[in-house]
Amino acid sequence: MSHQSDLLIAASATARPVRIVKAGAALEGRIAVWAEANGFTGKAGQLLVVPGADGAPEQALFGAGEAFEPMTARGLPTRLPAGDWRLEGVEGEAAHSAALAFALGGYLFDRYKARPERGRARLVALDGLDLTATLNIAAACALTREMVDTPAADMGPLQLETIAREIAEGAGASLTVTTGEALLEDNYPAVHAVGRAAAPHRAPRVLEIGWNLDKADRPLVALVGKGVVFDTGGLDLKPAAGMRNMKKDMGGAAHALALGRLIMQAGLPVRLVVLVAAVENAVSADAFRPGDILNSRKGLTIEIGNTDAEGRLILADVLTRAGEHEPDLTLDFATLTGAARIALGPELPPFYTDDDALAEGVLGAGQAVGDPLWRMPLWAGYRASLDSEIADVRNDSAAWAQAGSVTAALFLQKFAPTTGSWAHMDVFAWNPRARPGWPEGGEAQAIRACFRYLSDKFVK
């Protein structure tokens with residue numbers, strides 16, 4: 001697994017410089033000759049290692065383009081030769097952001113593949129950087145990515161519970177788990193319906209972490225995550241290509257758990273509830289069917305038009321549970337719709353809220369930390385697409401509405417807490433192409449943006 005804690009260090013007597021070079025900047029002497037011979041122009045992300053007289057790496061040039069973007073430093077850990085390095089030509093907040101980017105870029109998922117032992121590049125952090133806080137952020141993103149990358153056989157509902165338990169115990173928080181038939185007794189009927197077709201050892205469950213709940217004077221933040229550990233599509237079976245990466249359908253749960261751990265590690269002055277619905281959308285004689293009418297914790301009945309629209313069903317129950325805590329702010333995370341990717345692609349997740357101040361704060365935070373999101377509308381005109389003739393709501397919107405990510409968010413809004421503000425993050429949680437610092441596979445999206453927003457909002 002990845003070990004970001006090895007990538008950032010406080011000091012090194014042997015650290016070599018990584019010089020940040022703007023496009024077209026003049027270089028001198030043998031460095032200029034070497035750069036010209038190797039076609040180095042300062043283009044953003046371009047890296048050139050410069051050897052010394054003995055042939056060993058002496059320094060490196062890293063292209064900034066017109067202006068240095070700190071997140072491009074994600075590409076350095078896997079491209080620099082092993083050893084200690086320091087950034088030269090960038091200071092202050094940009095240098096601190098680049099250090100975090102360096103830690104993020106060193107992520108490596110090697111649970112199932114033996115790799116040859118080799119040294120790693122390490123970065124000396126600029127004075128003033130809170131190493132612990134920075135590495136906690138990197139570790140939260142790595143936890144998310146590792147959970148998403150792990151195949152479903154080894155990341156089932158029980159494994160999500162185990163991770164939640166470790167997080168809760170590490171923070172002195174409480175954990176309540178409701179499993180299997182107890183979901184019906186405790187009024188989580190939609191979670192039970194979606195997960196009941198799975199094998200007994202992969203029974204559905206609801207996980208609830210509570211932290212600082214006795215501090216009534218503090219605002220309450222609720223984090224909610226979709227934990228579909230594998231999505232076959234149910235009886236509305238996905239084609240093989242659509243099922244291939246469905247181990248990542250618990251990405252929302254991974255995001256909620258990792259962000260929750262980060263909030264508790266930072267000691268933010270809030271009360272915190274983290275709710276995860278962990279299920280496998282399997283196929284068996286007991287699978288829920290198209291045309292079924294499901295009950296929900298809120299009391300609304302749901303007509304099932306498509307069993308592959310299951311994530312919103314389990315979120316309906318846990319969002320309702322979140323509302324029972326009367327939160328001041330609720331954030332839910334889910335790999336909810338392919339329509340979100342059609343609209344914005346894999347790198348720019350949409351989010352939905354009817355609170356303009358919350359939207360502005362999240363967007364600003366995402367821009368500040370290089371963790372982009374895009375606000376999409378909760379368009380009231382499409383609410384009618386969720387109407388059912390025989391139930392209170394349907395889980396698949398009528399075809400005329402077309403905007404699948406928007407209508408999914410409108411469905412969730414019916415169950416979202418009515419106290420405080422609510423936002424829904426329709427994350428992809430996946431890099432479909434490999435590039436330096438962004439290997440193909442699991443990705444953390446919106447965690448850093450939401451953490452910066454929460455820190456700015458609640459830390460005075």
Side-chain angles (χ1 to χ4, degrees), residues 132-133 136-137 139-141 143-144 147 160-178 188 205-227 250-278 315 317-334 351 353 355 358 361-362 365 369 371 412 415-425 427 444-460:
T132 298
N136 283 345
I137 294 172
C141 294
L143 173 63
T144 301
M147 291 175 70
L160 289 185
E161 177 187 332
T162 300
I163 292 168
R165 192 174 304 281
E166 291 172 352
I167 290 172
E169 290 177 352
S174 63
L175 174 67
T176 302
V177 181
T178 308
Y188 292 105
R205 62 205 68 201
V206 169
L207 316 174
E208 180 172 332
I209 295 174
W211 180 69
N212 276 350
L213 298 184
D214 59 333
K215 297 178 169 60
D217 60 326
R218 295 186 178 184
L220 193 144
V221 174
L223 306 178
V224 176
K226 171 191 170 185
M250 38 60 64
H255 280 70
L257 289 169
L259 178 57
R261 186 179 74 172
L262 189 54
I263 289 169
M264 292 185 283
Q265 286 174 332
L268 295 191
V270 299
R271 293 174 290 152
L272 179 68
V273 171
V274 182
L275 281 154
V276 166
L315 285 172
D317 274 359
V318 285
L319 279 169
T320 301
R321 172 57 183 158
E324 293 164 12
H325 288 280
E326 299 183 348
D328 298 278
L329 173 64
T330 303
L331 304 174
D332 80 63
F333 301 84
F351 77 104
T353 181
D355 185 321
L358 171 58
V362 169
V369 299
D371 191 16
L412 296 182
F415 300 89
T418 56
T419 60
S421 302
W422 162 74
H424 159 59
M425 316 286 171
V427 297
Q445 298 177 314
I447 287 178
R448 291 182 293 111
C450 289
F451 182 66
R452 170 61 74 90
Y453 170 76
L454 293 170
S455 299
D456 289 347
K457 181 176 179 65
F458 295 117
V459 179
K460 305 302 182 185

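Nothing fancy with the numbering, it's 1 onward along the sequence.
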Checklist entry - What pair of heavy atoms forms the shortest contact from Ala334 to Lys226, and how long is it? => result CB-CB, 3.7 Å
Checklist entry - Can you tell if the side chain of Leu329 reaches within under 4.5 Å of the side chain of Leu358, non-hydrogen atoms only? => result yes
Checklist entry - Heavy-atom distance under 4.5 Å between the side chains of Asn212 and Met264, does that happen here? => result no
Item to check | Residues that Glu208 engages under salt bridge (charged side-chain N to carboxylate O under 4.0 Å, His left out), provided they are two or more places apart | outcome: Arg321
Next on the checklist: Do Val206 and Leu275 make a side-chain contact, defined as non-hydrogen atoms from C-beta onward lying under 4.5 Å apart?
Outcome noted: yes
Item to check | Result of checking Ile209, Thr330, Leu213 against Val273 for side chain to side chain contact (heavy atoms under 4.5 Å, CB included) | outcome: Leu213
Item to check | Heavy-atom check, side chain of Cys450 versus side chain of Met425, under 4.5 Å | outcome: yes
Checklist entry - Can you tell me how far CH2 of Trp211 sits from CZ of Arg218, rounded to the nearest 0.5 angstrom? => result 6.5 Å
Checklist entry - Would a 4.5 Å heavy-atom cut-off, applied to side chains only, mark Leu143 and Ile167 as touching? => result yes
Next on the checklist: With a 3.5 Å distance limit and no angle check, can you tell me whether His255 reaches the backbone of Gln445 through a side-chain donor-acceptor pair?
Outcome noted: yes
Item to check | Straight-line distance of Leu454 CG to Asp456 CG, nearest 0.5 Å | outcome: 9.0 Å
Item to check | Inter-residue atom distance Met250.CE - Thr144.OG1, 0.5 Å rounding | outcome: 8.5 Å
Checklist entry - If you take all heavy atoms of Phe451 and Ala266, which pair is closest and at what distance? => result CZ-CB, 3.7 Å
Checklist outcome for this item: Residues Val362 and Tyr453: closest non-hydrogen pair is N-CD1, 3.8 Å
Checklist outcome for this item: Note: Leu259 and Ile447 closest approach over all heavy atoms is CD1-O, 3.9 Å
